[in-house]
4 protein chains.
Amino acid sequence: MARGVNKVILIGNLGQDPETRYTPNGNAVVNLNLATDESYKDRQTGQLVPKTEWHRIVMFGKIAEVAGQYLRKGSKVYIEGKLQTRKWQGQDGQDRYTTEVVVDINGQMQMLDSRGGGDNASQGAPQGRPQSQPQQPAAQNSQQGNYGAPAGNNQGGGYSQPGGGQGSMPEPVDDFDDDIPF
Amino acid sequence: MARGVNKVILIGNLGQDPETRYTPNGNAVVNLNLATDESYKDRQTGQLVPKTEWHRIVMFGKIAEVAGQYLRKGSKVYIEGKLQTRKWQGQDGQDRYTTEVVVDINGQMQMLDSRGGGDNASQGAPQGRPQSQPQQPAAQNSQQGNYGAPAGNNQGGGYSQPGGGQGSMPEPVDDFDDDIPF
Amino acid sequence: MARGVNKVILIGNLGQDPETRYTPNGNAVVNLNLATDESYKDRQTGQLVPKTEWHRIVMFGKIAEVAGQYLRKGSKVYIEGKLQTRKWQGQDGQDRYTTEVVVDINGQMQMLDSRGGGDNASQGAPQGRPQSQPQQPAAQNSQQGNYGAPAGNNQGGGYSQPGGGQGSMPEPVDDFDDDIPF
Amino acid sequence: MARGVNKVILIGNLGQDPETRYTPNGNAVVNLNLATDESYKDRQTGQLVPKTEWHRIVMFGKIAEVAGQYLRKGSKVYIEGKLQTRKWQGQDGQDRYTTEVVVDINGQMQMLDSRGGGDNASQGAPQGRPQSQPQQPAAQNSQQGNYGAPAGNNQGGGYSQPGGGQGSMPEPVDDFDDDIPF
DNA sequence: TTTT
DNA sequence: TTTT
């Protein structure tokens with residue numbers, strides 16, 4: 001039940017492969033880094049200046065599974081989610097804030113590549129992507145006919161972070177060298 | 001599962017009270033007539049010219065029930081749905097098309113009045129609106145924690161139209177004098 | 001100045017090449033037929049049933065020019081516009097209504113194909129598309145740095161319709177065998 | 001020119017009066033703190049748990065002026081903008097990131113209160129609000145008929161911060177006791 | 001860090 | 001810090 005509207009709509013490309021983690025009860029949680037490009041005309045020079053905005057995306061439930069399986073670095077994707085800012089503690093004990101686009105049971109994800117993913121035609125896709133699968137799956141955690149389906153526990157936080165090692169983004173509870181979560 | 005995006009977002013006021021019908025299995029179906037206002041500067045005269053656009057809304061499921069109960073003529077409301085054009089036969093046997101904004105399990109509705117609806121404070125609300133209810137309910141057919149909840153059969157059309165008499169909008173199958181559905 | 005919100009967001013594919021017309025003062029007006037796909041699980045059979053929704057798009061100004069030049073049948077595109085229903089007269093003198101998604105100075109268009117359009121690599125693109133142009137242009141009639149730029153006269157209607165012949169969609173004023181505008 | 005889509009749509013209430021600043025060339029820049037409410041059903045207890053999300057909004061141009069003049073603490077408002085994360089230096093020399101919703105020439109703002117703002121009827125509105133003005137103005141920096149109109153320089157950052165003292169939010173360049181911008 |  |  002919402003007493004307001006909180007909606008984010010993005011179309012952009014992944015800066016890197018998705019990172020998949022799992023909650024204690026086995027639900028997938030996927031993090032994406034998404035770039036949206038814009039260019040504007042500089043008022044001084046009249047030049048077109050490119051500008052890239054990076055977004056941190058967190059996906060839950062079925063959408064997360066699909067994203068983890070089919071999206072790759074470079075993939076173009078449509079995402080609909082909501083803004084969420086979470087507070088965490090830096091190593092210095094001070095509060096830090098990270099704003100993310102959360103794609104949960106009310107969100108949507110849509111792959112926009114011609115054939116199912118960025119560089120996956122040129123090189124083998126990791127995680128044993130099944131070749132017989134549809135090439136451009138779309139995902140919506142909640143949809144017609146999906147009544148009673150299991151859904152990611154996107155509330156209450158507290159998902160596990162197995163590893164978080166090399167290549168994965170630092171998370172608040174991790175003991176990393178720096179405390180920059182974004 | 002969507003292989004595309006079809007989204008409509010409206011904020012406007014109801015031109016009349018909602019019309020509620022029921023499907024054979026008891027699910028509510030509500031029709032709204034929503035006005036969105038816009039004004040533009042006439043290039044000749046420089047005058048600000050007001051322009052009202054009317055939208056035909058069809059709601060299913062829990063949202064429909066809430067809308068039927070709390071919305072009234074004049075109510076300001078936020079609506080998120082999808083575009084759908086349906087074909088029907090005019091009395092002359094020719095095809096007609098009506099485009100509607102469908103608010104189903106994936107849609108959203110949000111009342112925006114200060115206290116629960118347009119003119120409902122000045123006159124008794126029909127349909128036995130419970131006075132102890134929250135004044136400004138928001139509705140989303142599908143939401144967190146709602147797993148396994150029943151949902152409107154918003155697919156396959158074919159809902160019943162009990163009456164359709166005085167005050168209700170003409171529907172394709174009705175035997176009205178004119179064949180204008182919108 | 002809007003006293004409401006009227007927004008449509010679509011991602012889909014063109015059912016045919018864009019139709020370009022020009023206003024008396026030379027501004028481009030482009031019509032598109034856009035399909036958005038959705039499939040839902042039939043509650044009886046449990047089968048996934050595909051469902052295609054067709055949308056009639058009207059574009060004005062700079063966006064129209066870009067769309068006319070780069071979009072082709074099959075092109076995947078993101079569109080942001082507003083709903084507009086216009087009334088016209090059928091041959092029988094009765095009123096008809098057609099709802100369109102209008103993409104004007106406040107709208108947006110975004111090509112989503114890997115390389116500039118649907119089937120345009122396999123066959124010569126009409127209208128003398130320049131080969132040296134960027135492959136995937138994006139268009140926004142109104143944008144940063146664009147102050148003072150000319151814009152389509154998307155108000156007041158009354159654009160000319162040169163031809164409207166074979167292959168183009170019937171328009172209200174045309175003298176066609178049927179009066180179905182959509 | 002956008003090579004992507006970056007859109008945020010919010011409906012919520014202001015947590016405090018808007019803060020207005022001015023760029024060196026006199027353009028208004030307004031900061032808002034907007035709350036969007038959501039409640040979800042706790043899966044353990046079955047209780048409805050309220051949850052408020054706070055958003056930092058930055059407005060430029062004509063929208064900023066309207067917002068500064070008419071919005072007040074408690075005002076309900078519709079906002080359309082884009083996500084932007086900016087980097088700044090904490091007092092400890094470390095990088096910090098703040099994500100904001102930027103409402104510029106492409107954004108939109110819509111007041112949703114019955115009569116022009118939260119508590120502004122009960123107390124004198126600052127900044128000499130004209131009493132004869134419309135009660136519920138809507139604002140769009142870019143709109144029909146607005147061709148050639150001046151617009152806020154929403155690019156390049158670097159607006160001045162006159163004061164930033166008591167009551168205003170800490171900004172990166174300020175010399176405050178803490179370095180929390182959000 | 002992506003994409004054109 | 002808002003609102004219901």
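Fair warning: this is a prediction, and the values are worked out from it, not measured in the lab. Chain naming here is simple, since letters A, B, ... match the order of the sequence lines and numbering starts at 1 in each.
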D:Asn33 side-chain proximity, nearest of F:dT1, F:dT4, E:dT1: F:dT1

Donor-acceptor pair under 3.5 Å, A:Thr52 side chain vs E:dT1 base: no

Check ion pair D:Glu100-D:Arg56 (N to O, under 4.0 angstrom): yes

Interatomic distance where OH belongs to C:Tyr78 and C1' belongs to E:dT3 [whole Å]: 17 Å

For A:Asn13, all residues meeting side-chain contact (heavy atoms from CB on, under 4.5 Å), sequence neighbours excluded: A:Lys76

Polar side-chain atom of D:Asp17 near backbone of D:Lys73 as donor-acceptor pair, under 3.5 Å: yes

For atom CZ of A:Arg56 and atom C1' of E:dT1, their distance in whole Å: 13 Å

Distance, rounded to the nearest Å, where A:Asn13 contributes CG and E:dT2 contributes P: 10 Å

C:Leu112 CG - E:dT4 C1' separation (whole Å): 13 Å

Length of the CG-P vector between A:Asp37 and E:dT2, whole Å: 11 Å

Between F:dT3 (P) and D:Lys76 (NZ): distance, integer Å: 11 Å

Nucleotide E:dT3, atom C1' - distance to NZ of A:Lys73 in whole Å: 12 Å

D:Leu32 CG to F:dT3 C1', straight-line distance once rounded to whole Å: 15 Å

Listed partners of D:Gln108 passing side-chain hydrogen bond (donor to acceptor under 3.5 Å, both in side chains), at least two apart: none

